[in-house]
Amino acid sequence: MNNILPKSLFLILVFMVSCNNKNASTDAVALPKPSVSIVHPTIGAIQKREQINGQIVYLNKTTVTAPITGYVTTVNTALGNWVKKGDLLFKIQTKESKALKDSNLSPSNQFGIISVFASAMGYVNTLNITDSGVYITEGSAMATIVKNEDIAVQVNTPYNYSKLLNSSNTIDIELPNKEVLPATFYKAIPMVDPVSQTQQMLFKLKKYSPLPENLNVIVSLLSSEKAHSVMLPKDAILTNETQDEFWIMKVNQDSLAIKVPIQKGIENANTIEVLSPKLTPADAVIKQGAYGLPDSTKVKIN
């Protein structure tokens with residue numbers, strides 16, 4: 001009995017020591033460091049551009065109207081035709097002439113028939129009368145001739161943009177095929193839409209390009225620009241849910257990710273200007289892997 005007790009105490013002691021060693025070894029295992037990629041601030045010029053929807057319009061349009069009331073006897077053009085000034089477009093017969101002709105009392109086949117000629121050179125982009133025999137009243141529109149070389153870009157812009165657009169030396173016009181054409185300010189219509197409170201403004205292309213009317217385009221204009229700015233890619237900037245606080249995760253020499261609040265400046269599609277604190281190209285800022293990372297976390301740089 002006396003020998004059993006010391007042996008039992010010895011076994012309990014060995015068991016407790018082994019448990020302590022196991023716990024110590026478990027505590028000694030370090031958690032893996034989060035892997036991040038970094039970027040360095042750059043110094044240079046940054047621009048911010050505003051984009052507004054626009055549309056191609058033809059400025060030089062001539063409406064061909066019926067000079068008399070009567071019946072259209074001849075249609076001598078078609079939609080899309082190129083016509084010169086003086087070309088014959090239509091012939092109209094008066095009601096009286098047609099009545100005499102139907103009664104075989106007309107003195108001449110040309111009696112009471114009026115020819116309608118093109119009053120300008122251009123394309124026929126609207127044709128209201130396509131077939132003969134149509135009755136038409138005096139002053140009714142028969143066709144529209146446009147000079148497609150006199151085109152402009154029409155923008156309905158908020159009034160607060162009007163001064164900016166007026167003072168811009170160069171406007172970029174982006175077409176649906178991503179082609180970009182330079183344009184300049186032409187004129188502003190001195191009227192604001194009562195409902196949308198937008199003002200109609202026109203821009204002329206610097207070099208003529210044969211664009212179809214009513215083509216939707218994007219007007220891009222420079223709204224702000226600054227040289228010698230400290231910049232970071234947008235991916236490196238973090239924000240809260242309300243987007244009223246911004247910060248970066250700056251990595252120091254000990255591989256600690258430190259949360260640093262910042263003040264933003266000019267911002268474009270890919271880049272943000274950092275006004276404060278003052279950063280240098282030597283600083284390391286986390287670009288990927290910073291989301292949800294606690295302050296003062298030891299990280300592994302890829």
Side-chain angles (χ1 to χ4, degrees), residues 21-54 158 160-161 164 168-182 216-302:
N21 291 336
K22 184 177 181 181
N23 291 336
S25 63
T26 303
D27 294 340
V29 176
L31 295 175
K33 299 177 184 177
S35 296
V36 299
S37 61
I38 63 171
V39 67
H40 298 282
T42 57
I43 299 177
I46 185 171
Q47 295 181 342
K48 182 180 180 181
R49 304 188 73 88
E50 302 289 345
Q51 290 189 333
I52 309 171
N53 293 327
N160 57 315
Y161 280 1
L164 179 63
S168 297
N169 293 326
T170 301
I171 309 293
D172 289 335
I173 308 298
E174 183 178 328
L175 306 182
N177 62 358
K178 302 302 180 183
E179 181 183 1
V180 177
L181 302 175
N216 291 328
V217 299
I218 295 177
V219 177
S220 176
L221 65 145
L222 183 65
S223 60
S224 56
E225 183 178 22
K226 190 184 290 185
H228 306 294
S229 297
V230 178
M231 298 171 291
L232 281 171
K234 272 192 170 182
D235 296 341
I237 309 298
L238 302 172
T239 183
N240 57 2
E241 292 182 354
T242 56
Q243 296 188 0
D244 56 2
E245 295 180 4
F246 302 92
W247 66 90
I248 59 174
M249 299 299 289
K250 184 177 174 183
V251 181
N252 64 13
Q253 294 179 350
D254 297 325
S255 297
L256 285 177
I258 309 298
K259 180 179 177 180
V260 179
I262 66 165
Q263 181 183 356
K264 297 194 307 177
I266 297 176
E267 179 179 351
N268 57 34
N270 304 309
T271 309
I272 293 178
E273 178 192 18
V274 179
L275 297 177
S276 66
K278 187 176 181 180
L279 301 177
T280 68
D283 292 326
V285 178
I286 297 178
K287 181 181 180 182
Q288 293 181 344
Y291 181 77
L293 194 67
D295 190 13
S296 301
T297 301
K298 202 149 183 117
V299 297
K300 177 184 176 183
I301 300 175
N302 291 333

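Atom set for the values below is all heavy atoms of this structure, side chains included, hydrogens, waters and symmetry mates excluded. Small disclaimer: the values here were computed from a predicted structure and weren't measured.
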Peer 1: Is a side-chain donor or acceptor of Asn268 paired with a backbone partner of Ile272 at a separation under 3.5 angstrom?
Peer 2: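 No: the side chain of Asn268 does not pair with the backbone of Ile272.
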Peer 1: Could you grab the distance from atom CD of Gln263 to atom CG of Leu275, nearest 0.5 Å is fine?
Peer 2: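 Between atom CD of Gln263 and atom CG of Leu275 there are 5.0 Å.
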Peer 1: Might you point out which heavy atoms bring Ile248 and Ala236 nearest each other, and give the distance in Å?
Peer 2: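 Nearest pair, atom of Ile248 first, then Ala236: CG2-O, 3.6 Å.
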Peer 1: Report yes if some heavy atom in the side chain of Val251 is under 4.5 Å from a heavy atom in the side chain of Leu256; otherwise report no.
Peer 2: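 No, their side chains stay 4.5 Å or more apart.
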Peer 1: Can you tell me how far the CG atom of Asp235 sits from the CG atom of Asn270, to the nearest 0.5 Å?
Peer 2: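 Asp235 atom CG to Asn270 atom CG measures 8.5 Å (nearest 0.5 Å).
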Peer 1: Is there a side chain to side chain contact (heavy atoms under 4.5 Å, CB included) between Ile218 and Ile173 once you walk through the steps?
Peer 2: CA-CA 6 Å; Ile218 295 177; Ile173 308 298; over 6 Å; no
Peer 1: What's the verdict on side chain to side chain contact (heavy atoms under 4.5 Å, CB included) for Phe246 and Ile262, showing C-alpha distance, side-chain angles and the deciding distance?
Peer 2: CA-CA 6 Å; Phe246 302 92; Ile262 66 165; 3.9 Å; yes
Peer 1: Does the pair Trp247 and Val260 meet the rule for a side chain to side chain contact (heavy atoms under 4.5 Å, CB included), with working shown?
Peer 2: CA-CA 5 Å; Trp247 66 90; Val260 179; 5.9 Å; no
Peer 1: What are the two closest heavy atoms between Met249 and Ala257, and how far apart are they?
Peer 2: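 Taking Met249 first and Ala257 second, the nearest heavy atoms are CE-O, 3.7 Å.
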Peer 1: Would you name the heavy atoms of Pro261 and Pro277 that are closest together and state the gap between them?
Peer 2: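 Scanning both residues, the minimum pair turns out to be O-CD, 3.3 Å.
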Peer 1: Could you tell me the separation between the CG atom of Asn216 and the CG atom of Leu175, rounded to the nearest 0.5 Å?
Peer 2: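 Asn216 atom CG to Leu175 atom CG measures 11.0 Å (nearest 0.5 Å).
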Peer 1: Only one of Lys226, Lys234, Lys264 clears salt bridge (charged side-chain N to carboxylate O under 4.0 Å, His left out) with Glu273; which?
Peer 2: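 Only match with Glu273 under salt bridge (charged side-chain N to carboxylate O under 4.0 Å, His left out): Lys226.
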Peer 1: Side chains of residues 290-302: which donor-acceptor pairs under 3.5 Å do they make with residues two or more places apart or in other chains?
Peer 2:
residue: Asp295; atom: OD1; partner: Lys259; partner atom: N; Å: 2.8
residue: Thr297; atom: OG1; partner: Pro294; partner atom: O; Å: 2.6
residue: Lys298; atom: NZ; partner: Asp254; partner atom: O; Å: 3.0

Peer 1: For a side chain to side chain contact (heavy atoms under 4.5 Å, CB included) check, start with the C-alpha distance between Leu232 and Leu279, then their side-chain angles and the critical distance, and finish with the verdict.
Peer 2: CA-CA 10 Å; Leu232 281 171; Leu279 301 177; 4.0 Å; yes
Peer 1: Please output the side-chain donor-acceptor pairs of residues 37-52 that fall under 3.5 Å, not counting sequence neighbours, one pair per line with the distance.
Peer 2:
residue: Ser37; atom: OG; partner: Gln288; partner atom: N; Å: 3.4
residue: His40; atom: ND1; partner: Pro281; partner atom: O; Å: 3.4
residue: His40; atom: ND1; partner: Asp283; partner atom: O; Å: 2.7
residue: Gln47; atom: NE2; partner: Glu225; partner atom: OE2; Å: 2.9
residue: Arg49; atom: NE; partner: Ser220; partner atom: OG; Å: 2.9
residue: Arg49; atom: NH2; partner: Asp172; partner atom: OD2; Å: 3.3
residue: Arg49; atom: NH2; partner: Ser220; partner atom: O; Å: 3.3
residue: Glu50; atom: OE1; partner: Tyr161; partner atom: OH; Å: 3.4

